[in-house]
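These values consider heavy atoms only, across backbone and side chains, with no hydrogens, waters or symmetry-generated copies. Protein chains get the first letters and strands the later ones, always in sequence-line order, with residue 1 at the start of each.
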Amino acid sequence: MQRSQYLIELGAVVIVAIATIAVAETKKEYRFEVGPKSKVSIVNQFGSVSVKPSTGNFVSVTATTYSDKVEVDQSQSGNRVDVQSHLLSGANAENSRVDYEVLVPADASVNLESATGPLRAERLHGDVEAEGANAAVDVKDMSGGHVHVKTMAGPITLTNIRDGHVEIDSVSGDVTLTSVTGPLVRVSSTSGRIQYNGDFGYAGEYRFNSHSGNIEATIPDDASVDVTAQSVRGLVQNDVPLQPKVHTSFLVKEGSSFAGTINKAASSVWLRTFSGKIHLKRR
Amino acid sequence: MNCAEFQRELPEFMEEGGNAASQAHLNDCRDCSGLVSSLEAIIREAKELQTSEEPSPRVWNSIEIMLRQEKLIREPQTSGHRSILPSLRQHWGALAWLVPTAAALLVGVGILLYQQRPDNARRAAVAKPAGPAAGANIQTADTSDEQLLQEVSARAPMMRAAYESNLRDVNNYIRDAQDSVDADPNDEEAQQALMDAYGQKSMIYEMALDRSLP
């Protein structure tokens, strides 16, 4: 009998909790008509932002809030759309989360911010800027636009990015680049790991540097690169048959640096770390 | 009064304290009160830095180069050039210059202290990595870092540990890069590493002080 009573009470608590959550969760959609090459900015304090291409010349923003301590401000000025979470009195990280699902024309440039993230963007041709202290950032299937990402501790994953400048700064977040090519690909880190998997494209400049994070690059045999690698205190390892370079800006020392070319050396690859390890691998 | 109206009156508010309406808005709005707290912290920091000697033009040039690399300031844009504007202006309005200025002051102090170090002290630093100027640099950084962490704690306590840990990593980066430059002042890669290290630190400050990212 006592057990039945307990179960009834427990059930009631669960029902009330679910009802409370359901009431607190509010979903709103905002729609903006825009022209070509529009600019869309989503500034969120806490919560996710996900951007995908829309099917027409419009921007659609679906914002889900979970309390009345945060509201969504939105404005349009010509071809520019700005959306931001506005914290109200009594807001904190727990009750002011907003999750955004955003559709933009594929040629739009987007600016995404969130301290906690995650931030995601895919299948766009415009510029993408993503920034968040602890936000995980995932950008994929981009071509033609520049991609700039800044995080403090959030991990960064870029996949299948072509023909734009890629500039990444992260203090301790791990950076993973897969099939990322372009005229300039730069990664700067303090303690995060930098991992590259791809062929370094053609005629690009690739500069990866870190203080204590390891750098690992995996390339196919047909990659065409001129590579220099140096670690002041860490181990440097090369599994790729390189043609040694005669002239280098530093003294090549077995185990802590190497320099060489493979095939026509079309792209320049510069790998530097202070105390991390560097490993160039064959795919 | 709404946020936009308050921010239009912000310069007067910072100088004269504002009227009853702006005070009432400040009490109700977390965003605007956070903004005012940040500005007050920056002003305090700037006042402390006023005691430093005027640096040489080379210092300002170095800062400018670094800020351009960090995209905190930009070259004039041509019509065909793509632009990714930072969010600062949108949030801070006319006061958007304050965040890069704070970052510049931080970087400037580091460079200034390095350049003011006498040559003999610089040579001695090869043998003793933590020379007196390096000690002063670290002390200045510690004070600034502590103020920054207090600011982060006030806005988002859960973020403090992450900021603290990352500041520690970056300070180690700066120290190692500084030691490399001390060992060989003509080593361009070491100089670049030092700039990169300060760049990482300015990024942390930018994130912490940008009120959209608590």
Side-chain angles (χ1 to χ4, degrees), chain A residues 37 39 41 43-46 69 73 82 84-94 96 109-111 113-116 126-129 131-135 145-148 150-153 164-165 167 169-172 188-192 209-212 230 232-233 249-250 272 274-275, chain B residues 2-4 27-34 69-71 82-87 90-91 152 155-159 161-163 165-177 179-180 183 187-190 192-193 195-197 199-204 206-208 210-214:
Chain A
K37 296 191 180 297
K39 292 187 183 302
S41 173
V43 176
N44 194 10
Q45 276 81 7
F46 305 104
K69 303 298 182 191
D73 294 344
D82 291 317
Q84 59 182 309
S85 305
H86 180 186
L87 305 195
L88 302 172
S89 186
N92 55 42
E94 287 73 38
S96 60
S109 292
V110 296
N111 171 52
E113 296 180 21
S114 169
T116 58
D127 298 337
V128 173
E129 185 175 33
E131 182 174 325
N134 284 1
H146 301 325
V147 177
H148 292 185
K150 283 184 180 182
T151 71
M152 185 175 68
H165 289 183
E167 298 198 55
D169 294 278
S170 180
V171 178
S172 60
S188 186
S189 168
T190 294
S191 56
N209 78 284
S210 78
H211 174 244
S212 57
Q230 186 180 31
V232 177
R233 289 189 193 155
S249 61
F250 55 86
R272 295 290 185 278
F274 185 82
S275 56
Chain B
N2 61 26
C3 294
N27 292 336
D28 290 342
C29 178
R30 178 191 165 102
D31 278 355
C32 291
S33 62
Q69 285 177 342
E70 287 303 306
K71 310 237 176 343
R82 290 196 181 114
S83 155
I84 299 178
L85 293 173
S87 61
Q90 145 189 354
H91 300 299
V152 170
R155 290 192 206 170
M158 65 168 191
M159 305 285 280
Y163 275 95
S165 160
N166 282 274
L167 277 170
R168 197 181 310 121
D169 285 352
V170 167
N171 287 336
N172 288 338
Y173 188 2
I174 289 172
R175 195 190 57 234
D176 285 338
D179 288 349
S180 297
D187 184 343
E188 288 183 8
E189 290 206 356
Q192 184 60 49
M195 298 289 268
D196 287 340
Q200 294 263 298
K201 186 153 186 179
S202 75
M203 183 174 76
I204 293 179
E206 183 191 339
M207 284 182 174
D210 184 347
R211 72 192 182 97
S212 68
L213 295 173

### Message
So A:His211 and B:Gln200, do their side chains get closer than 4.5 Å, heavy atoms only?
### Response
no
### Message
Can you tell me how far apart CZ (A:Phe46) and CE (B:Met159) are? Round to the nearest 0.5 Å.
### Response
6.5 Å
### Message
Just so I know, are the side chains of B:Glu206 and A:Glu131 near enough to count as touching, which here means a heavy-atom distance under 4.5 Å?
### Response
yes
### Query
Rounded to the nearest 0.5 Å, how far apart are NZ of A:Lys150 and CD1 of B:Ile204?
12.0 Å
### Query
Measuring heavy-atom distances to chain B, does A:Ser170 have an atom under 4.5 Å in its side chain, in its backbone, in both, or in neither?
backbone
## Note on the structure
Okay, B:Asp28 and chain A: the region with an atom under 4.5 Å from a heavy atom over there is backbone
### Message
With rounding to the nearest 0.5 angstrom, report the OG to CG distance, B:Ser33 to A:Leu87.
### Response
10.0 Å
### Task
Could you pull out the closest heavy-atom pair between A:Thr151 and B:Met203, with the gap in Å?
O-CE, 3.2 Å
### Query
Taking the side chain as C-beta and beyond, is there a heavy-atom pair between A:Thr190 and B:Asn166 under 4.5 Å?
no
### Message
Does any backbone or side-chain atom of B:Ser165 lie under 4.5 Å from a heavy atom of chain A? Answer side chain, backbone, both or neither.
### Response
neither
### Message
I need the A:Phe274 CZ to B:Asp179 CG distance, nearest 0.5 Å.
### Response
7.0 Å
### Message
Counting only non-hydrogen atoms closer than 4.5 Å, does B:Glu189 touch chain A with its backbone (N, CA, C, O), its side chain (CB onward), both, or neither?
### Response
side chain
### Between CG on residue A:Asn209 and OH on residue B:Tyr173, distance to nearest 0.5 Å
4.5 Å
### Task
Tell me, for B:Asp187 versus chain A, whether the close heavy atoms (under 4.5 Å) come from the side chain, the backbone, both or neither.
neither
### Query
At a heavy-atom separation under 4.5 Å, does A:Ser191 approach chain B through its side chain, its backbone, both, or neither?
side chain
### Summary
If one checks every heavy atom of A:His165 against chain B at 4.5 Å, the contacting part turns out to be neither
### Message
Quick check for you: among A:Ser89, A:Ala93, A:Ser85, A:Ser189, which has the greatest number of heavy-atom pairs under 4.5 Å with chain B?
### Response
A:Ser189
